[in-house]
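This report concerns only the one structure given below.
Note that the structure is predicted; figures quoted are calculated from it, not measured. Counting convention: from 1, in listed order, for ligands and their atoms alike.
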Amino acid sequence: MKVFKTKKELNLYFKEFRSKNTKIGFVPTMGALHKGHLSLLEKSSKENDITVASIFVNPTQFNKKEDLENYPRTLENDLNLLKNIACDVVFIPSVEEIYTTTISSGQFDFDGLENEMEGKYRKGHFNGVGTVVKKLFEIVLPTYAYFGEKDFQQLQIIRKLVKKTTLDVTIVCCDTYRENNGLAMSSRNARLTSQEKEAAAIIYQTLNGVKDKLGKLPLDAIHKWALEQFENQPLFELEYFTIADEETLKNVTNISPKKTYRAFIAVYAREVRLIDTISLNS
Ligand code: PAF
């Protein structure tokens with residue numbers, strides 16, 4: 001496994017492969033790797049000639065300084081995990097390598113996707129994600145890039161980014177990897193107590209409950225039921241619950257058989273923010 005810190009080193013390594021139509025699979029991460037990331041890398045390595053992971057805690061996508069400071073950084077452990085799977089290249093740039101002189105986001109128009117859900121609570125977050133993902137795509141030039149379904153809004157925004165630019169990469173959506181109790185794997189889970197981790201089963205249980213009730217109860221009753229699940233939960237504070245159109249990500253008040261929908265949840269366990277989603281169609 002090759003580890004590169006600069007664009008120059010990475011370009012040099014890729015020089016001989018680019019001309020040979022080599023399929024490059026890319027998994028961008030912010031480190032603190034878990035089985036979810038490893039499953040994306042495994043999928044990439046089955047589908048590509050070379051698999052690249054990046055580890056970069058992107059400062060411009062954090063709207064709270066404490067969140068950036070507290071983001072888990074476990075580089076040594078991450079590299080050990082990557083060594084044991086089929087990852088060919090790891091790119092671990094510094095902030096200066098990515099942002100050169102100014103650490104700031106570009107402004108993107110994602111056709112309104114950026115204003116829903118996460119966009120309402122994390123101002124500027126998706127400009128930060130768009131900025132770094134565009135920069136990383138331009139450096140790695142992947143054929144396929146792999147993202148987890150848990151961050152579905154991010155996934156749709158990255159698809160939009162690719163559509164609106166000349167980036168020639170196919171975005172692949174990968175199933176959410178879950179703990180035994182249904183908690184979606186996330187680097188943030190490392191900051192949960194074991195009691196919170198156990199109780200966090202309520203998130204996926206609620207999403208499944210919503211799916212189960214769809215078509216049997218009116219949407220407003222389902223919405224009310226979902227909120228009630230968190231009312232008596234001392235460990236979690238619900239930030240939002242929504243049933244949204246998969247394409248526009250807008251909250252819906254009725255269901256059309258011609259469209260696809262998802263339920264989305266964001267909760268806080270103390271200062272740790274957790275999100276999850278479920279398809280209501282499949
Ligand atoms: O999902 C993440 O880990 C990050 O948002 C990403 C896509 C690596 C960009 O920093």
Side-chain angles (χ1 to χ4, degrees), residues 7 10 25-41 43-44 51-64 67-75 77-78 81-82 87 89-99 103-106 108 110 113-114 116-119 121-140 142 144-162 165 167 169-177 184-191 249 264 266 272-277:
K7 295 175 251 187
L10 197 82
F26 180 38
V27 180
T29 81
M30 297 207 295
L33 301 182
H34 50 69
K35 286 187 188 148
H37 292 116
L38 302 186
S39 72
L40 304 188
L41 285 154
K43 186 165 166 64
S44 167
T51 285
V52 183
S54 64
I55 299 178
F56 179 67
V57 181
N58 173 34
T60 64
Q61 71 186 75
F62 289 85
N63 56 336
K64 285 188 190 154
D67 204 15
L68 171 61
E69 280 163 7
N70 292 328
Y71 201 83
R73 288 163 172 86
T74 56
L75 186 59
N77 188 50
D78 291 347
L81 286 173
L82 293 175
C87 177
V89 176
V90 191
F91 182 45
I92 45 170
S94 64
V95 172
E96 295 71 39
E97 185 67 16
I98 293 293
Y99 284 99
I103 306 171
S104 64
S105 301
F108 293 90
F110 296 119
L113 295 179
E114 70 278 27
E116 305 301 325
M117 299 182 290
E118 296 297 286
Y121 295 92
R122 303 178 73 190
K123 290 281 170 229
H125 169 68
F126 288 119
N127 277 331
V129 171
T131 302
V132 79
V133 170
K134 185 165 180 281
K135 283 176 186 287
L136 290 169
F137 281 177
E138 284 164 353
I139 296 167
V140 177
Y144 294 96
Y146 296 78
F147 293 88
E149 183 191 359
K150 174 177 79 70
D151 298 296
F152 190 80
Q153 186 172 13
Q154 167 172 282
L155 179 95
Q156 292 295 64
I157 278 179
I158 292 168
R159 283 190 169 135
K160 188 69 81 176
L161 172 80
V162 170
T165 54
L167 295 163
V169 46
T170 302
I171 304 302
V172 184
C173 172
C174 306
D175 290 347
T176 301
Y177 211 86
M185 292 221 181
S186 159
S187 304
R188 290 167 197 266
N189 295 357
R191 294 170 61 201
L249 301 181
F264 296 85
V272 187
R273 194 164 181 281
L274 304 171
I275 60 170
D276 203 353
T277 177

Q: Just do the side chain to side chain contact (heavy atoms under 4.5 Å, CB included) check on Glu138 and Thr165 with the steps written out, would you?
A: CA-CA 11 Å; Glu138 284 164 353; Thr165 54; over 6 Å; no
**Q.** Plane angle bin for Tyr146 and Tyr144 - parallel if under 30°, tilted between 30 and 60°, otherwise perpendicular
**A.** tilted
(Q) Can you tell me how the ring of Phe152 sits relative to the ring of Phe264, calling it parallel under 30°, perpendicular over 60° and tilted otherwise? (A) tilted
Q) How far apart are the closest heavy atoms of Lys134 and Leu161, and which atoms are they? A)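 Result for this residue pair: N-CD2, 4.1 Å.
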Q. When the aromatic ring centroids of Tyr71 and Phe62 are compared, is their separation below 6.0 Å?
A. yes
Q | Spatial distance of atom CG (Leu155) from atom CG (Leu113) [nearest 0.5 Å] | A |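 Leu155 atom CG to Leu113 atom CG measures 11.0 Å (nearest 0.5 Å).
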Q) How would you list, by chain and number, the residues with a heavy atom under 4.0 angstrom from ligand 1? A)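 Its neighbours under 4.0 Å (heavy atoms only) are Pro28, Thr29, Met30, Asn58, Gln61, Val132, Phe147, Gln154, given by chain and number.
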